[in-house]
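To start, the structure under review is shown below, and the notes come after it.
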Number of protein chains: 2
Amino acid sequence: MPAPPAKTPEKKRSRIQIRNRRKIMDAALDVFSQHGFRGATLDQIAEAAGMSKPNLIYYFDGKEAIHVALLNALMTEWLDPLREMDASGDPLEEILGYVRRKMEMSRQFPRESRLFAIEIIQGAPRMLPHLESDLKPLFDEKCALIAGWMDAGKLALQDPQQLIMSIWALTQHFADFDTQVRVLVPDEVAGWDAANAHVETIFRAILTPTG
Amino acid sequence: MPAPPAKTPEKKRSRIQIRNRRKIMDAALDVFSQHGFRGATLDQIAEAAGMSKPNLIYYFDGKEAIHVALLNALMTEWLDPLREMDASGDPLEEILGYVRRKMEMSRQFPRESRLFAIEIIQGAPRMLPHLESDLKPLFDEKCALIAGWMDAGKLALQDPQQLIMSIWALTQHFADFDTQVRVLVPDEVAGWDAANAHVETIFRAILTPTG
DNA sequence: CGTGTTTTTTACCATTTGGTAAAGCCACGA
DNA sequence: TCGTGGCTTTACCAAATGGTAAAAAACACG
């Protein structure tokens, strides 16, 4: 009896397994980010991945396993821009740098942004643990860092929690609500430039210390 | 053969029809805003509405008809806060008033906010026409109004399109990403107050004319 | 080449889901 | 009292969906 590849005792993965798992996860990202978990079907994912449905199940334990694998893989890199915010840099530039990285991610990885957005909007049924264990500590850490900067007079006083969340709200909006944005601001290139400038203006305005 | 109530030649609706259609739409709002269109099932809606599935179909032509009816009904009132922004008022107060009304809607009608959010994120398959026909004209009109205020020196110069979209991004974030917000800022009441204050700070900061 | 293992396909299956047919119920006016 | 017409339920159905069994094909490697 050939042991299925993705079992609890993890074995080395062959080249084929690595390649096919990648293809599946990419296809699943397409489908899940467009329909959410319940709205997505294995057939859709299989077709997008260019393989048969039973073949999906050969590489992943089921629909839920694919979704979880996706969320796990993405959670890490999704938080990287925030991790990079460093205590040793110039406060205003650190925050603006974070804003820029986040905007860049929205433009380059809109599917990932939407996947998270849908998951959260639907109550994060498969991600709440990650929010508590990964996001929350990082969030608290960076809030403390920002609070420290503010105490030192390097930034205007703001609620750090609200500050970070407003960065998320603004930067993710352009990925998540892309359809709407494109209706209202048809010129995509100009829209992005304007968005970048606008968001930067906002955070410069509320963070520049008033001397 | 008793003619189904909701046909092309619209007839008067009885008290029972009005009551039951309301119940169905309220239940559908619950379910659709939590699972999206494809992820929602008629059985879920029927149970939430406290009636049998065939009874749903008696009042609406099908799943899609319920969803469309919901979106139609909501689109109107959802744009009301923006419509109220008036040329004759004080510019800064008009915009801040809009921001406050939008925040209030996010708090009072999170389901509606999520329903729209999911629909847009998924590419607005059933709402694109409305975006073009309802939202776009209003958006353009209010952009022109704001641009006029800025030209007159009553507001700091900003891109009006980006300004309105950033209002949406910030105000809707608290409804749509409620699950995440609650993980990071457990005290709901305090969080809400802080959010209101923060959002107001932002728009005051970037709109107050620098005289 | 031959043999054991990994990968893929074909043929299914049970459940769920959107929807229908038709019979039953119930209020109300003649 | 009996219809009559709006409302509701029961009993279904065909298609879609997540998943399985097992044979077939492709592969690795001595």
*To the nearest Å, how far apart are A:Ile24 CD1 and C:dT7 P?*
11 Å

*Compute the ring centroids of A:Phe139 and A:Trp168, then answer whether they are less than 6.0 Å apart.*
yes

*Residues in ring pair (Phe, Tyr, Trp, His ring centres under 6.0 Å) with A:Trp149, at least two apart?*
none

*Within 45 degrees of the axis of the six-membered ring of B:Phe60 and under 6.0 Å from its centre: does B:Arg21 put its NZ or CZ there?*
yes

*Sugar-phosphate means primed atoms, P, OP1 and OP2; the rest is base. With that split, encode nucleotides 8-21 of chain D 5' to 3' as B, S or - using protein heavy atoms under 4.0 Å.*
BBBB-----SBBB-

*Relative to each other, are the rings of A:Phe37 and A:Phe32 parallel, tilted or perpendicular (30° and 60° limits)?*
parallel

*Side-chain donor-acceptor pair under 3.5 Å between A:Ser88 and A:Asp86, yes or no?*
yes

_Can you see if the side chain of B:Gln17 gets near the phosphate of D:dG6 - specifically, an N or O under 4.0 Å from OP1 or OP2?_
no

*Find the distance B:Phe60:CZ to C:dG19:P and express it as a whole number of Å.*
13 Å

